[in-house]
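A short write-up of the structure that comes next.
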Amino acid sequence: MADLTTLARPYAKAAFGYAAGKGSLAKWSTMLGLLSAVTRQETLQILLSSPSLTSVQQAQSVIDICGDELDADGQNFVRILAENKRLALLPEILQLFEALKAEAEKSVDVEITSALAIDSTLEQQLAQALKNKLNCDVRVNTTIDQNLIGGVVIRAGDTVIDSSIRGRLTKLAESINS
């Protein structure tokens, strides 16, 4: 994965720089999301790995599938990726682009996983506490995982706060075994 990230980084930075300069971060985020989803499809992956297609044909195939959702700049980006044999990197490019966008917008996506449903008041309190701690806007997404037994796991970028019973039991087992 590190190799793919290393290869994708210059393209993500270039797309971000261009989009930021044009004031179209949201539009580029949408286009890259679509491109990422399209190139993840198994049938398209088979088509793109075909040695009989030229890079121009590969790019045109992706552009045709996306239709009017890609503007001229997005189509040009696809052509550049195809020319450099980097269309398969679109999921990683999207991920890096979104990280750059979140950093520029001073926002972070937070994933809260709990054993039980969290009411909206508690969710707002957690969001406010994270906003104060991280010094940025927080977008919260909650999911339920009954395997946690109890408690929550909070993921904000590289930061993980595991206060679940399952996490505590795992730590206890590790300390006993060492």
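None of the values given here were measured: they were computed from a predicted structure.
- The side-chain heavy atoms of V153 and L148, taken from C-beta on, include a pair separated by under 4.5 Å.
- Note that the OG atom of S164 and the CD1 atom of I149 stand 8.0 Å from one another [nearest 0.5 Å].
- The structure places CG of L87 at 11.5 Å from OG of S49, a figure rounded to the nearest 0.5 Å.
- Counting only residues at least two apart or on different chains, no salt bridge (charged side-chain N to carboxylate O under 4.0 Å, His left out) pair has a member in residues 73-88.
- Side-chain atoms of F77 and Y18, non-hydrogen and from C-beta on, never get closer than 4.5 Å to each other.
- In this structure S55 satisfies the side chain to side chain donor-acceptor pair (under 3.5 Å) test with no other residue, sequence neighbours excluded.
- The side chain to side chain contact (heavy atoms under 4.5 Å, CB included) search around A19 returns S24, L25, W28, F97, not counting sequence neighbours.
- Residues forming a side chain to side chain donor-acceptor pair (under 3.5 Å) with T113 (at least two apart in sequence, or on another chain): T143.
- No side-chain heavy atom of D137 sits less than 4.5 Å from a side-chain heavy atom of V108.
- Put simply, the side chain of V78 reaches to within 4.5 Å of the side chain of L35, judged on heavy atoms.
- Under the rule for a side chain to side chain contact (heavy atoms under 4.5 Å, CB included), the partners of R139 that lie at least two apart in sequence or sit in another chain are E105, S107, D109.
- You'll find the side chain of V140 reaches within 4.5 Å of the side chain of I112, heavy atoms only.
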Donor-acceptor contacts, no H, no angles, side chain residues 120-133, under 3.5 Å, sequence neighbours left out:
{"from": "Q128", "atom 1": "NE2", "to": "N132", "atom 2": "OD1", "distance (Å)": "3.1"}
{"from": "N132", "atom 1": "ND2", "to": "Q128", "atom 2": "O", "distance (Å)": "3.4"}

Donor-acceptor contacts under 3.5 Å from residues 62-69 side chains, at least two apart:
{"from": "D64", "atom 1": "OD1", "to": "Q60", "atom 2": "NE2", "distance (Å)": "2.8"}

Only distances under 3.5 Å count here; give the side-chain donor-acceptor pairs of residues 165-172 to other protein atoms, sequence neighbours excluded, each with its distance to 0.1 Å.
{"from": "T170", "atom 1": "OG1", "to": "R166", "atom 2": "O", "distance (Å)": "2.8"}

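- Rounding to the nearest 0.5 angstrom, the gap separating the CD1 atom in I154 from the OG atom in S114 is 10.0 Å.
- Judged by distance alone, with hydrogens and angles left aside, the side-chain atoms of N76 form no donor-acceptor pair with the main-chain N or O of A72 at under 3.5 Å.
- The environment of Q95 atom CD is sparse: at most 12 non-hydrogen atoms of other residues, nucleotides or ligands sit within 6.0 angstrom.
- Taking the side chain as every heavy atom from C-beta outward, L47 and L53 approach each other to under 4.5 Å.
- At a threshold of 4.5 Å between non-hydrogen side-chain atoms, the residues Y11 and L96 do not count as touching.
- Using modelled atom types, one side-chain atom of S163 and one backbone atom of V152 make a donor-acceptor pair closer than 3.5 Å.
- Every residue meeting the side chain to side chain contact (heavy atoms under 4.5 Å, CB included) condition with S52, not counting sequence neighbours, appears here in chain and number order: S50.
- Once rounded to the nearest 0.5 Å, the distance linking CD of Q45 with CG of L48 reads 8.0 Å.
- Counting heavy atoms from C-beta on, the side chains of L81 and I93 come closer than 4.5 Å.
- Nearest heavy atom pair, residue P91 against residue R40, reads CB-NH2, 3.3 Å.
- Judged as a side chain to side chain contact (heavy atoms under 4.5 Å, CB included), and not counting sequence neighbours, the contacts of V56 are T54.
- Between V110 and A156 the shortest heavy-atom distance is CG2-CB, 3.8 Å.
- No donor-acceptor distance shorter than 3.5 angstrom exists from the side chain of E92 to the backbone of T5, with no hydrogens or angles considered.
- Under the ring-ring contact (aromatic ring centres under 6.0 Å, His included) criterion, no residue pair touches residues 120-164, with sequence neighbours excluded.
- Here CG of L32 is found 10.5 Å from NZ of K101. Values are rounded to the nearest 0.5 Å.
- Screening residues 27-37 for salt bridge (charged side-chain N to carboxylate O under 4.0 Å, His left out) gives K27-D71 as the qualifying pairs, with residues at least two apart or on separate chains.
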